[in-house]
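Pasting a structure below so you can have a look.
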Amino acid sequence: MRPETPEHNGPLRQGLSTGACATAASVAAARALLAGVEERCVSIRLPRGEEPAMTIEDLAVTGVAATAGVIKDAGDDPDATHGARLWVRLELGSEPGVRFHAGEGVGTVTRSGLPIAVGEAAINPVPRRLIAEHLDSIAADTAYEGGFDVSVGIDDGEADDVIHAFTPEGGRPEPLRVARLAARGLVEME
């Protein structure tokens with residue numbers, strides 16, 4: 001496990017979900033590819049209207065693809081991915097639409113019954129929608145008519161301590177499943 005934030009008296013600290021981090025990384029990568037702007041801080045709009053500014057840890061552009069990383073701050077939530085580098089590799093495609101792929105540390109859906117089809121990257125519908133909305137907006141602003149292939153990954157997401165934190169049902173350890181993480185964008189402690 002990564003180190004927890006130090007304990008303190010007072011209200012618990014709010015953090016950001018993995019989906020919010022992936023959205024910020026997607027925005028940074030898209031702006032770098034489509035507008036030629038390499039931002040180190042981006043703001044995104046969350047489902048309830050909050051607009052957090054997030055630091056982009058790293059950004060690299062290679063041809064029609066860009067990779068951006070964000071260090072996840074889960075606040076005081078005991079999240080196994082707190083402090084992890086979450087990254088998005090965004091590739092431009094000729095077919096319109098947004099397609100999601102599982103990168104390192106992100107699993108794929110293996111059972112039916114979830115709102116995501118078997119074989120798809122295990123990323124919840126809300127983060128998928130957030131990412132797609134932000135990418136569609138950037139595409140409209142830059143007159144881009146193609147599509148996007150979005151690979152989401154978490155560095156060291158397949159390490160044993162992280163895997164077991166996200167497989168409470170036991171059985172065969174699998175990579176982190178982003179679908180199990182907060183879907184509103186903010187991690188709040190109750």
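Numbers here simply count residues along the sequence, with the first being 1.
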I44 and P52, any side-chain heavy atoms less than 4.5 Å apart: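 Yes, close enough: below the 4.5 Å cut-off.
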For G19 against P127, the heavy-atom pair lying closest together: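 Scanning both residues, the minimum pair turns out to be CA-CB, 3.7 Å.
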Nearest heavy atoms of A20 and L46, plus distance in Å: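 So the two residues come closest at CB-CD2, 3.9 Å.
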Heavy-atom pair with the smallest gap, counting every atom of A28 and A68: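 That would be CB-CB, 4.2 Å.
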4.5 Å side-chain heavy-atom contact, E57 and W87: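 SC-SC contact between E57 and W87 ruled out.
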Separation of I123 CD1 from I131 CD1 (nearest 0.5 Å):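 Rounded to the nearest 0.5 Å, the CD1-CD1 separation comes out at 6.0 Å.
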I56 and V70, any side-chain heavy atoms less than 4.5 Å apart: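 With C-beta onward as the side chain, the pair touches.
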Minimum side-chain heavy-atom gap H101-D149 below 4.5 Å: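 Yes; the side chains approach each other to less than 4.5 Å.
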Test log, rule side-chain contact (heavy atoms from CB on, under 4.5 Å), inputs S26 and L135: CA-CA 7 Å; S26 297; L135 292 178; 4.3 Å; yes
Any side-chain heavy-atom pair of V150 and V98 under 4.5 Å: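 Yes. Closest side-chain heavy atoms under 4.5 Å.
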Test log, rule side-chain contact (heavy atoms from CB on, under 4.5 Å), inputs F148 and I138: CA-CA 11 Å; F148 302 95; I138 294 167; 5.9 Å; no
Salt bridge (Lys or Arg N to Asp or Glu O under 4.0 Å) pairs, two or more places apart, involving residues 130-145: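 Qualifying pairs: R129-E133.
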Gap between atom CG of N124 and atom CD1 of I116 - 0.5 Å precision: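 Between I116 CD1 and N124 CG, I get 5.5 Å after rounding to 0.5 Å.
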Salt bridge (Lys or Arg N to Asp or Glu O under 4.0 Å) between E120 and R128, worked out: CA-CA 12 Å; E120 286 285 316; R128 285 173 179 253; 3.6 Å; yes
T67 side chain reached by L59 side chain, heavy atoms, under 4.5 Å: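 Side chain of L59 against side chain of T67, heavy atoms only: no contact under 4.5 Å found.
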Exercise: identify the closest heavy-atom pair between A102 and T108: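 Closest approach of A102 to T108: CB-CG2, 4.0 Å.
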Side chain to side chain donor-acceptor pair (under 3.5 Å) partners for R45, two or more places apart: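 Listed in chain order: E51.
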Shortest non-hydrogen contact between E38 and V61, atoms and distance: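 Here E38 and V61 meet closest at OE2-CG2, 4.1 Å.
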Least distance between heavy atoms, A24 atom then V42 atom: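 Minimum heavy-atom separation between A24 and V42: O-CG2, 3.5 Å.
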Sequence-distant partners of E39, side chain to side chain donor-acceptor pair (under 3.5 Å), two or more places apart: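 R31.
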Any side-chain heavy-atom pair of M54 and V27 under 4.5 Å: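 SC-SC contact between M54 and V27 ruled out.
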side-chain contact (heavy atoms from CB on, under 4.5 Å) between R111 and V118, intermediate numbers included: CA-CA 6 Å; R111 297 179 188 165; V118 171; 5.7 Å; no
Any V64 side-chain heavy atom under 4.5 Å of L33 side chain: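 In short, these two side chains do not touch, never coming nearer than 4.5 Å.
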Shared hydrophobic cluster for I154 and I71 (ILVMFWY, side-chain gaps under 4.5 Å):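 No.
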